[in-house]
S.K.: 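First, the structure itself, so that you have it in front of you.
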Number of protein chains: 2
Amino acid sequence: MARSVTILGAGLVGSLLAIILRKRGHEVTVYERRPDMRRAAIGAGRSINLAMSARGWRALDLAGLRQDMEALAIPMYGRYLHQPDGTAAFQQYGRNNEAIYSVSRGELNKKLMTLAEQNGVTIHFDQRCSRVDVSTNTLFLQQPDGTETSVQADLLFGADGAFSALRNSYVHMDRVNAAQNYLEHGYKELSIPPLADGTMQMEKNALHIWPRKNFMLIALPNTDGTFTCTLFLPFHGTPSFDKLGTKEEVTAFFREQFPDAMPLMPTLLEDFFENPTSSLITTYIQPWHYQDKSALIGDAAHAIVPFYGQGMNAGFEDCSILAGLMDTYGDDWATILEKYDESRKPNGDAVARLALLNFVEMRDKVADPAFLQRKKIEKELGRRYPEQFISVYEMVSFSHIPYNTALRCIEAQDRLLGQIMTDGDFFANADDAGYTGKLDQWMNEYHKAVQQLEFENEA
Amino acid sequence: MARSVTILGAGLVGSLLAIILRKRGHEVTVYERRPDMRRAAIGAGRSINLAMSARGWRALDLAGLRQDMEALAIPMYGRYLHQPDGTAAFQQYGRNNEAIYSVSRGELNKKLMTLAEQNGVTIHFDQRCSRVDVSTNTLFLQQPDGTETSVQADLLFGADGAFSALRNSYVHMDRVNAAQNYLEHGYKELSIPPLADGTMQMEKNALHIWPRKNFMLIALPNTDGTFTCTLFLPFHGTPSFDKLGTKEEVTAFFREQFPDAMPLMPTLLEDFFENPTSSLITTYIQPWHYQDKSALIGDAAHAIVPFYGQGMNAGFEDCSILAGLMDTYGDDWATILEKYDESRKPNGDAVARLALLNFVEMRDKVADPAFLQRKKIEKELGRRYPEQFISVYEMVSFSHIPYNTALRCIEAQDRLLGQIMTDGDFFANADDAGYTGKLDQWMNEYHKAVQQLEFENEA
């Protein structure tokens, strides 16, 4: 039986969910707080990009959008590390030339909205939901003229982001647990333009990182030849955004810390002082649903920091999981929402944790020679034991293994790699019969530990 | 320079704070959501009681209310433990006959309100604050007729409890961290009346506990001869409030679990089905203040579970600490609020944790013979080493040692008592010269560890 579905938010997750639901015959209406980005000049000239990986692509398949987006996506096969002395090195992500893909958030969102409308979804723009009466499923929408209207929803999804009105309404209910944590770091977007002839100024097919222990600069390629740079830096302390108040301070900081990047950034000072310094939030909430009436999805359920490039991927995977549950449970929405909450919440918590951990990896560990050595050994282990070993990074970015399993594998992998790296030169010994026997045994122990984790995850 | 102070909430902490500020010459206006409990018949006949301990009394001294309240307070010198077989035993709290005091929340609140008004505080009742514009310090108050008025505050305190409007407004600001966690247990109030001649049916000067591992019943004495009983039980599972849906189920449960209490509760079934099942929340937020304009205090800053009897005591200690900072920093409210936040927030977090830990102690550990033995040894240590040893319970309830120090002493005390209890019979060996030498050494190690903790706390 088709339901009448209301979705808060026409962002990436809301629009994709609308398409998936509409394709299954449900009536779908979306309320979006902002004006229509396809008409208004929102963020024109400023392309904020995303890193699309396996989980995102699978969900785009459900919408039939993979091919369209592949044409606009730039594969990044590894990290391009920029050291303080101006030297640089490339670190491949996968063992089989896998990539994560730089995609324009705006272009993807526009395509999703248009596809949703083509499929019969109605999107109402400039409708800001102030709150939801959860027990009656009534939304209160602020109109551009300042008046408020109310809408009665049958089945409601909150895909309205980190500051979701539906989430906020859940928070005020009895026995709802919730948390919000901000990082001590903020971020600011900057830009590297192409040369006059259109040539890109750095390696195109890589995610560029300037790791500086407690802070970092990163850059992702765009199809127009630019790179979008993001500086992640503490708000307070030294160095910090607080300490970068003048053009002289910014210039000196970039000259010292990012000597190879600065000459590529002709608009550094304008960008720095015109663009906002934004904060980074992680949110948790439990439960994610209310009876058979409403549920949270994407950032509304689990806003995370961007350091694993998994925010959109996790939200899209929420959609895939929901679609799978609709296949299994048909019209039984009480069960669909309950199973969605039960199976997905631990993975939402896990991807939040993975994202926080990867910040330390990106800004600090990647520059450590021991880390580089470990990555090489991991790749070799993956070649030798393809059935038994896959690195956590590969699990998260190139597989559909639950985030919670990936998170829990960190400890087992740390133990395994610790054993290997404190036992002589892996690459010198790797073909010695005595050593490979020991390695086989360690690998068996590791594999058993991981199987146990997977068993516990499913239990 | 006197400021015009606005306080949200005329509960225990709001009323006490009003008195303290008024005595220092500030103009004080309080907005209270409920009607005036001195006029309306709120909770008439149902006295909910509190356990007042050292921190609470010190703050009452500031208001000059100690004597008045002592006349209405019932000292409880220890726990009276009721076992499932109907036997009972008394455990003293302190080494010097210290007590915690059962006090009627309603009576205390009424006295505080009246004293506040006598000192020149204005209290407006039936004024529900819906939100605060934090940057402009504007409160929006819902009037009984449904209209909304706004008030501009000079200096604002949110003493409006766990669901504080000021806290909620802070939560929506950038870079405010917050969390709310509910227990899986709920509670329900029940009652034990006196006999027809007014005689109390159980020992008056004790806190009665029926510890049953995952749940418990407690009872506190009232001046009218009744005991207020509270059943703490999971919402779901076995046993749980879910499973107590009929009179037969409640009767069977009480007969099995509380055989000595049930005959004393003639209105058990009416109470059980008429009184609500309530939830238990712990909240955290950071920061606790905004510039020199506003601050949270009491439950609004740190709502905690009731198992250490420290909710009101901690809120009152917030007031004492604020008063001390006013002494030190005079009119410099930016500094007063900053120091209040900085020094008090770790103690708010600590008392929240202590309260959660004490739930396990009350409902489970107190019934364990090893726990009873440990309490006896602790008392003896306190006698022998009065300068060096004070149990965590005594720190929390009978001292003004910061909660954070008390919390951090748990580990050191666990280590010390573990050493003692796995080294033969303490009381048999305690006068043996070899043993006391060893004990002296352990005690010195313990004392050093604690001094280090105190040093770190102050640093």
Side-chain angles (χ1 to χ4, degrees), chain A residues 33 128-131 140 142 148 160-188 232-237 240-242 276-287 300 302-305 338 341-342 345 349 352 356, chain B residues 33 128-131 140 142 148 160-188 232-237 240-242 276-287 300 302-305 338 341-342 345 349 352 356:
Chain A
R33 160 170 79 79
R128 185 192 183 84
C129 180
S130 54
R131 67 189 174 90
F140 297 88
Q142 294 190 306
E148 188 177 75
D160 47 345
F163 304 100
S164 164
L166 182 59
R167 177 187 188 277
N168 195 36
S169 301
Y170 279 7
V171 166
H172 290 99
M173 293 170 66
D174 191 31
R175 304 190 62 223
V176 168
N177 294 331
Q180 63 184 47
N181 294 312
Y182 283 88
L183 277 196
E184 289 176 11
H185 293 69
Y187 72 93
K188 191 183 282 284
F232 295 94
L233 186 69
F235 282 99
H236 310 298
S240 69
F241 282 111
D242 269 359
T277 307
S278 305
S279 54
L280 295 153
I281 195 173
T282 304
T283 69
Y284 306 85
I285 186 165
Q286 180 181 46
H302 49 78
I304 65 175
V305 293
E338 193 186 317
D341 190 333
E342 193 180 292
K345 160 78 179 160
D349 290 350
L356 289 164
Chain B
R33 161 170 79 77
R128 184 192 184 82
C129 180
S130 54
R131 68 191 174 88
F140 297 88
Q142 294 189 307
E148 189 176 75
D160 47 345
F163 305 100
S164 164
L166 182 60
R167 177 186 189 276
N168 195 34
S169 300
Y170 279 6
V171 166
H172 290 98
M173 293 171 67
D174 191 29
R175 304 188 64 222
V176 169
N177 294 331
Q180 63 183 48
N181 294 313
Y182 284 88
L183 277 196
E184 290 177 8
H185 293 69
Y187 72 92
K188 191 183 282 285
F232 295 96
L233 186 69
F235 282 100
H236 310 298
S240 69
F241 282 111
D242 269 359
T277 306
S278 304
S279 53
L280 294 154
I281 194 172
T282 304
T283 69
Y284 306 85
I285 186 163
Q286 180 183 45
H302 49 78
I304 66 176
V305 294
E338 194 186 316
D341 190 332
E342 195 180 290
K345 160 77 179 160
D349 290 350
L356 288 164

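When reading the values below, keep in mind they use all heavy atoms of this one structure, side chains included, and skip hydrogens, waters and symmetry mates. Please read all numbers here as calculations on a predicted model, not as lab measurements. By convention in this document, chain letters (A, B, ...) are assigned in the order of the sequence lines, proteins followed by strands, and residues within each chain are numbered from 1.
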S.K.: Taking atom CD as the centre, does A/Glu148 end up with more than 12 heavy-atom neighbours from other residues, nucleotides or ligands that are less than 6.0 angstrom away?
M.R.: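 Yes, because the 6.0 Å sphere around CD of A/Glu148 holds more than 12 heavy atoms from other groups.
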
S.K.: Give a yes or no on this: more than 12 heavy atoms of other residues, nucleotides or ligands lie within 6.0 Å of atom CZ of B/Arg175.
M.R.: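 Check passes, neighbour count above 12.
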
S.K.: Within a reach of under 6.0 Å around CD of B/Glu342, are more than 12 heavy atoms found that belong to other residues, nucleotides or ligands?
M.R.: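 Yes, CD of B/Glu342 has more than 12 neighbouring heavy atoms, counting only those of other groups under 6.0 Å.
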
S.K.: Tell me which of these, A/Thr282, A/Ile281, A/Val176, has more heavy-atom pairs under 4.5 Å with chain B than the rest.
M.R.: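 Of the candidates given, the most pairs with chain B belong to A/Val176.
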
S.K.: Give the interface residues of residues 162-171 of chain B toward chain A, defined by a heavy-atom separation under 4.5 Å.
M.R.: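 Those residues of residues 162-171 of chain B which have a heavy atom under 4.5 Å from chain A are B/Asn168, B/Val171.
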
S.K.: With sequence neighbours excluded, tell me which residues meet salt bridge (Lys or Arg N to Asp or Glu O under 4.0 Å) with B/Lys188.
M.R.: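 In terms of salt bridge (Lys or Arg N to Asp or Glu O under 4.0 Å), with neighbours along the sequence ignored, B/Lys188 is linked to no residue.
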
S.K.: Measuring from B/Ile285:CD1 to A/Gln180:CD, what's the distance to the nearest 0.5 Å?
M.R.: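 Those atoms lie 7.5 Å apart.
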
S.K.: Grab the two heavy atoms, one from A/Met173 and one from B/Tyr182, that are nearest each other, plus how far apart they are.
M.R.: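 So the minimum-distance heavy-atom pair works out to O-OH, 4.0 Å.
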
S.K.: Could you state the interatomic distance from CG (B/Asn181) to OH (A/Tyr284), rounded to the nearest 0.5 Å?
M.R.: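 It is 12.0 Å, given to the nearest 0.5 Å.
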
S.K.: Name the region of B/Leu280, side chain, backbone, both or neither, that has any atom closer than 4.5 Å to a heavy atom of chain A.
M.R.: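 Looking at B/Leu280, nothing touches chain A.
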
